[in-house]
Amino acid sequence: MLASKTFPEAQHTQTMPCRRTLLGATSGHLYVCSDRAYIRILDGRALTTITTVQPHSDGTIRDFAIDESRDVLYLLEEHSNGSSTLDEMTISKGDRIKETVLPNGMFAYSPLAYRSASSLLAVAFGSID
């Protein structure tokens, strides 16, 4: 083992619904969905927290994707009023660029897929009866 990190969040909060950890290809930073309320950005070697990015809402983060070359973080959130949004935020400042309200529907597991080469972002929904 090269390094280990324990997060201050309660153990149960590090699981569903957001359990993604991403590695920034250019920076080497780790992006961790922490407490389903914000994204913690860590130094990939020392595992120290560099910063956090938190949406400006009451939502629960379901999933996220990053595009470091464009300085963009995509957050898929469910809100207490039943709505779902996809937020575009800057990684460097945590500012919201755009918020898109999504149609009603059940999210599938790991609903975000992102391809940085084409800037194509897909959200997967479960079957609707």
Side-chain angles (χ1 to χ4, degrees):
M1 179 182 301
L2 298 175
S4 176
K5 177 73 174 181
T6 302
F7 296 106
E9 293 90 34
Q11 184 66 26
H12 72 279
T13 63
Q14 294 180 21
T15 59
M16 290 296 281
C18 181
R19 59 169 128 180
R20 186 182 294 254
T21 298
L22 299 175
L23 174 65
T26 25
S27 69
H29 294 156
L30 289 173
Y31 295 79
V32 180
C33 187
S34 291
D35 206 17
R36 299 175 286 188
Y38 57 93
I39 304 301
R40 183 187 301 268
I41 303 173
L42 305 170
D43 177 277
R45 291 184 184 263
L47 299 182
T48 54
T49 300
I50 297 169
T51 190
T52 58
V53 178
Q54 184 169 7
H56 308 285
S57 66
D58 66 344
T60 298
I61 299 172
R62 297 290 295 187
D63 204 359
F64 72 100
I66 56 169
D67 187 337
E68 288 186 322
S69 65
R70 292 180 176 86
D71 191 34
V72 175
L73 170 72
Y74 299 96
L75 294 175
L76 182 62
E77 297 178 84
E78 284 185 328
H79 301 276
S80 56
N81 66 3
S83 68
S84 301
T85 59
L86 178 64
D87 289 344
E88 289 181 47
M89 301 181 72
T90 61
I91 295 171
S92 59
K93 295 181 181 178
D95 296 332
R96 183 185 297 161
I97 300 167
K98 182 179 178 182
E99 178 184 66
T100 304
V101 177
L102 299 174
N104 291 337
M106 297 290 291
F107 290 129
Y109 177 74
S110 295
L112 281 184
Y114 183 69
R115 182 171 186 237
S116 59
S118 61
S119 298
L120 181 63
L121 180 70
V123 180
F125 293 91
S127 62
I128 300 174
D129 296 329

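None of these values were measured; they are calculated from a predicted model. Throughout, residue positions are numbered sequentially from 1 according to the sequence presented.
- The CD atom of Glu77 sits 10.5 Å away from the CG atom of Leu102 when rounded to the nearest 0.5 Å.
- Annotation: the span from Ser27 atom OG to Ile50 atom CD1 amounts to 7.0 Å, rounded to 0.5 Å.
- Annotation: salt bridge (charged side-chain N to carboxylate O under 4.0 Å, His left out) contacts involving residues 97-106, sequence neighbours excluded, comprise Arg96-Glu99.
- Separating the CD1 atom in Ile39 from the CG atom in Leu75 is a distance of 5.5 Å, to the nearest 0.5 Å.
- Leu30 CG to Leu22 CG: the interatomic distance, rounded to the nearest 0.5 Å, is 9.0 Å.
- Within the structure, side-chain hydrogen bond (donor to acceptor under 3.5 Å, both in side chains) pairs that include any residue of residues 116-125 comprise Arg70-Ser119 (at least two apart or interchain).
- Here the closest heavy-atom approach between residue Ile66 and residue Gly24 is recorded as CD1-CA, 4.0 Å.
- Contact between Tyr114 and Ala65 at its shortest, heavy atoms only, is CB-CB, 3.8 Å.
- For the atom pair CG of Leu76 and CZ of Arg20, the computed distance is 10.0 Å after rounding to the nearest 0.5 Å.
- Pro55 and Ala37 make their closest contact through CD-O, 3.3 Å (heavy atoms, listed as atom of the first residue, atom of the second, distance).
- Tyr74 and Phe64 have their aromatic ring centers separated by at least 6.0 angstrom.
- Applying the side-chain contact (heavy atoms from CB on, under 4.5 Å) test to Ser69 and every residue at least two apart in sequence or in another chain returns Asp67.
- Proximity of a side-chain donor or acceptor of Asp63 to a complementary backbone N or O of Leu112 within less than 3.5 Å is detected.
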Give every donor-acceptor pair under 3.5 Å between a side-chain atom in residues 83-94 and any protein atom, sequence neighbours left out.
residue: Ser83; atom: OG; partner: Asn81; partner atom: OD1; Å: 2.7
residue: Thr85; atom: OG1; partner: His79; partner atom: NE2; Å: 2.8
residue: Thr90; atom: OG1; partner: Lys93; partner atom: N; Å: 3.4
residue: Thr90; atom: OG1; partner: Gly94; partner atom: N; Å: 3.2
residue: Thr90; atom: OG1; partner: Asp95; partner atom: N; Å: 3.1
residue: Ser92; atom: OG; partner: Asp71; partner atom: OD2; Å: 2.7

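- To the nearest 0.5 Å, the span separating CZ on Arg40 from OG1 on Thr49 amounts to 4.0 Å.
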**Request:** Apply side chain to side chain contact (heavy atoms under 4.5 Å, CB included) to the pair Leu42 and Thr48, showing each step before the final yes or no.
**Result:** CA-CA 5 Å; Leu42 305 170; Thr48 54; over 6 Å; no

